[in-house]
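Have a look at the structure below, then the notes.
A, B, ... follow the sequence lines: proteins, then strands. Residue 1 opens every chain.
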Amino acid sequence: MLSNASGEHSYAISGPGAGRAHSLVFTSLSKTYGGLRAVDDISLRIPGGEFLTLLGPSGSGKTTLLMMIAGFVQPTGGEIYVDDRRITDLPPEHRNFGMVFQGYALFPHMTVAENVTYPLRVRGISRAEAETKVRSALALVRLGGFEDRYPRQLSGGQQQRVAIARALVFNPDILLFDEPLGALDRQLRAEVQVELKALHRRLGTTFIYVTHDQEEALSMSDRVVIFNRGRIVQAGGPGELYERPKTRFVAEFLGTSNCIKGQLVEKAPDSCRIQIGQRQIVHAGRPSASTGEILLAIRPENLALSPTEPVGSPNRVQGKVLQAAYHGPTSQVLVETEIGPVTVMCLAQRTLAELAPEKPVWISWSPEASVLLSE
Amino acid sequence: MNTIAAKQYQQKTHPRMRFPTSAWLLVLPLILVLGVLYAGPIASVLWLSVTDPSPGLGNYERLLTSDALQRVLWSTFRISALTTLFATLLGYLIAYTMLHASARHRHWIMAFVLVPFWVSVLVRAFAWLTLLRTEGVLNTALVSSGIITTPLDLVRNEIGVLIGMVHYMIPYAVLPLYANMQGIDRRILNASRSLGASPWTTFIRVFLPLSAPGVAAAALLVFVLALGFLVTPAILGGGRVVMIAEYVRVQIMQTVRWGVGTMMASVLLITVVFLLAAMSRVVDIRKLFGAK
């Protein structure tokens with residue numbers, strides 16, 4: 001939607017290839033507040049042009065990291081570089097990063113046009129040039145014609161567009177987003193996600209995006225960095241993180257996972273057998289340890305639910321339905337099994353009678369569906 | 001659009017409250033107290049100003065003819081305006097400092113702002129007299145240290161009145177200013193910095209305009225209160241600086257010209273009412289002072 005509206009004004013804002021996308025590097029970056037380690041020894045390289053999302057629960061340090069990138073928080077240790085330039089001590093106004101704040105942080109006493117002109121004005125850009133840039137930035141976010149409105153006269157979604165236009169009008173080296181969609185309703189959020197992704201493709205600028213919403217992270221990013229307690233837990237592409245989580249935290253934070261503990265009983269070259277209670281199951285993978293406790297994660301959508309025993313399946317357990325929640329296209333069913341409570345996601349065509357509480361059912365999955373977790 | 005919708009919603013769901021007749025009985029004692037102690041005396045002041053010594057607008061006519069009255073009005077206005085200027089300016093500095101101080105420092109500053117609040121205005125005026133008079137602490141120190149040879153005239157003139165009044169008014173300026181500044185979203189200031197503005201530009205272009213309602217509230221409050229000052233100008237002005245309240249006191253207590261006295265009191269009252277009415281057209285007064 002963003003791309004088709006910008007039209008002939010797009011020359012004023014850098015498109016793909018116009019200007020170089022800038023990389024960002026942290027080396028052992030830390031921030032401590034009193035004894036609390038908000039960001040704990042983080043090293044990361046963000047290549048130019050990447051859409052990187054910092055994802056984590058609140059208090060995980062992702063916002064503190066973003067504030068250090070923007071220059072509002074001074075790190076207690078480590079360095080930040082843009083390309084090869086050290087910017088650790090540079091004040092925010094000299095970093096040339098665009099930022100979209102949580103709650104938009106528009107200037108309430110300025111009109112839309114004045115808000116978007118502001119970064120150009122403080123840079124001493126001529127009135128004529130600024131006007132052209134502002135017009136194309138507003139066209140880019142489909143807000144042409146709203147120049148003279150005040151922020152309070154706009155809807156949340158429109159305010160958000162103004163904030164984006166203001167952050168990109170001065171061709172920043174890097175664009176930062178601090179939970180920008182938090183205040184929008186679900187439908188609008190999905191719409192803006194698509195637009196942001198399109199904007200990123202169009203500008204080719206490095207985007208760094210902070211959110212606690214895993215769906216947002218998965219749908220937009222080239223790469224997601226998952227934070228917990230000030231540290232990076234796992235980084236990777238959205239598919240990789242979802243399908244191959246390394247820890248229980250990642251498995252449970254990104255979507256839902258059934259985490260099952262068992263004992264390793266037999267190790268083959270490309271699979272292993274695991275004892276869980278009275279059952280033995282097969283996992284298509286090779287744990288590094290040869291014996292001991294094993295932690296497996298299985299996604300609810302990879303579990304099959306059947307009223308009778310699925311004899312052909314290598315992994316099957318018996319149980320009874322505890323409760324079922326209807327979600328439209330799918331239903332989420334909680335089943336009490338011999339290996340503990342398990343959540344199953346199944347297509348909602350199943351009759352409700354089939355999923356009634358106390359109903360005996362069988363659950364099965366393929367050996368490839370389970371993922372070995374390290375902790 | 002959201003706020004308009006919200007307002008409409010509010011109006012729809014909260015129509016003007018209807019009081020059942022029995023509810024008025026509950027409010028009646030308060031209305032009586034207010035009537036006897038407040039509305040009654042004000043009405044009688046207004047009444048006296050047009051009836052004593054003879055019915056008509058004779059007392060008000062003096063405003064146009066009497067040089068003495070015009071002098072009193074002018075010095076009242078001038079001193080109040082200067083007090084407003086300095087108190088608001090100092091109050092702004094104090095509130096701004098409090099906003100950026102650590103919690104501990106903020107509490108100390110607030111305490112120092114508020115302590116004079118609880119000291120009698122009389123005590124404060126005499127304290128300033130002790131400090132500022134010719135043989136006072138300040139002049140003695142300055143002369144004996146050789147910085148000046150003749151003592152400065154700091155009291156029994158307008159400077160003395162201004163010093164005393166500004167000091168008295170600072171808490172009234174600080175409180176609305178600080179409340180307003182606290183309400184300014186820090187993210188908006190951060191946004192300005194991230195968009196390339198220096199701290200100074202951010203202050204001038206963003207913070208200052210956003211604190212304007214606080215400045216308006218502080219200035220209005222200080223000005224209205226300053227118009228009616230009695231004790232401070234009487235003591236620190238040493239009889240040479242006569243403001244409206246002192247003039248009214250003299251008319252009623254000494255020369256016993258009730259008509260002129262009540263006329264001046266009415267002028268003060270009407271001025272304040274008009275001032276508030278005029279300001280309320282520009283800003284929401286109830287919101288300004290936190291009643292909403």
Minimal heavy-atom distance between B:Leu210 and A:His109, with the atoms involved, is CD2-ND1, 3.6 Å

In terms of heavy-atom contacts, does [atom1] of [X] have more than 12 from other residues, nucleotides or ligands at under 6.0 Å?
X	atom1	value
A:His212	NE2	no
B:Phe77	CZ	no
A:Gln74	CD	yes
A:Arg121	CZ	no
A:Arg37	CZ	no
B:Phe117	CZ	yes

If one checks every heavy atom of B:Arg205 against chain A at 4.5 Å, the contacting part turns out to be both

Identify which part of [X] has an atom lying under 4.5 Å from any heavy atom of chain B, answering side chain, backbone, both or neither.
X	value
A:Leu120	neither
A:Arg123	side chain
A:Phe97	backbone

- Could you tell me whether the side chain of B:Ile188 reaches within less than 4.5 Å of the side chain of A:Pro108, counting heavy atoms only? yes

### Message
Contact between B:Asn190 and A:Pro92 at the side-chain level, heavy atoms closer than 4.5 Å - yes or no?
### Response
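No. Closest side-chain heavy atoms not under 4.5 Å.
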
Can you tell me how far the [atom1] atom of [X] sits from the [atom2] atom of [Y], to the nearest 0.5 Å?
X	Y	atom1	atom2	value
A:Phe72	B:Arg187	CZ	CZ	12.0 Å
A:Met99	B:Arg193	CE	CZ	13.0 Å
A:Tyr118	B:Thr201	OH	OG1	6.5 Å

- Run the numbers on A:Phe107 and B:Leu195 for side chain to side chain contact (heavy atoms under 4.5 Å, CB included), then give the verdict. CA-CA 12 Å; A:Phe107 304 127; B:Leu195 293 169; 4.0 Å; yes

With chain B, the option among A:Glu93, A:Gln102, A:Met67 that has the most non-hydrogen atom pairs under 4.5 Å is A:Glu93

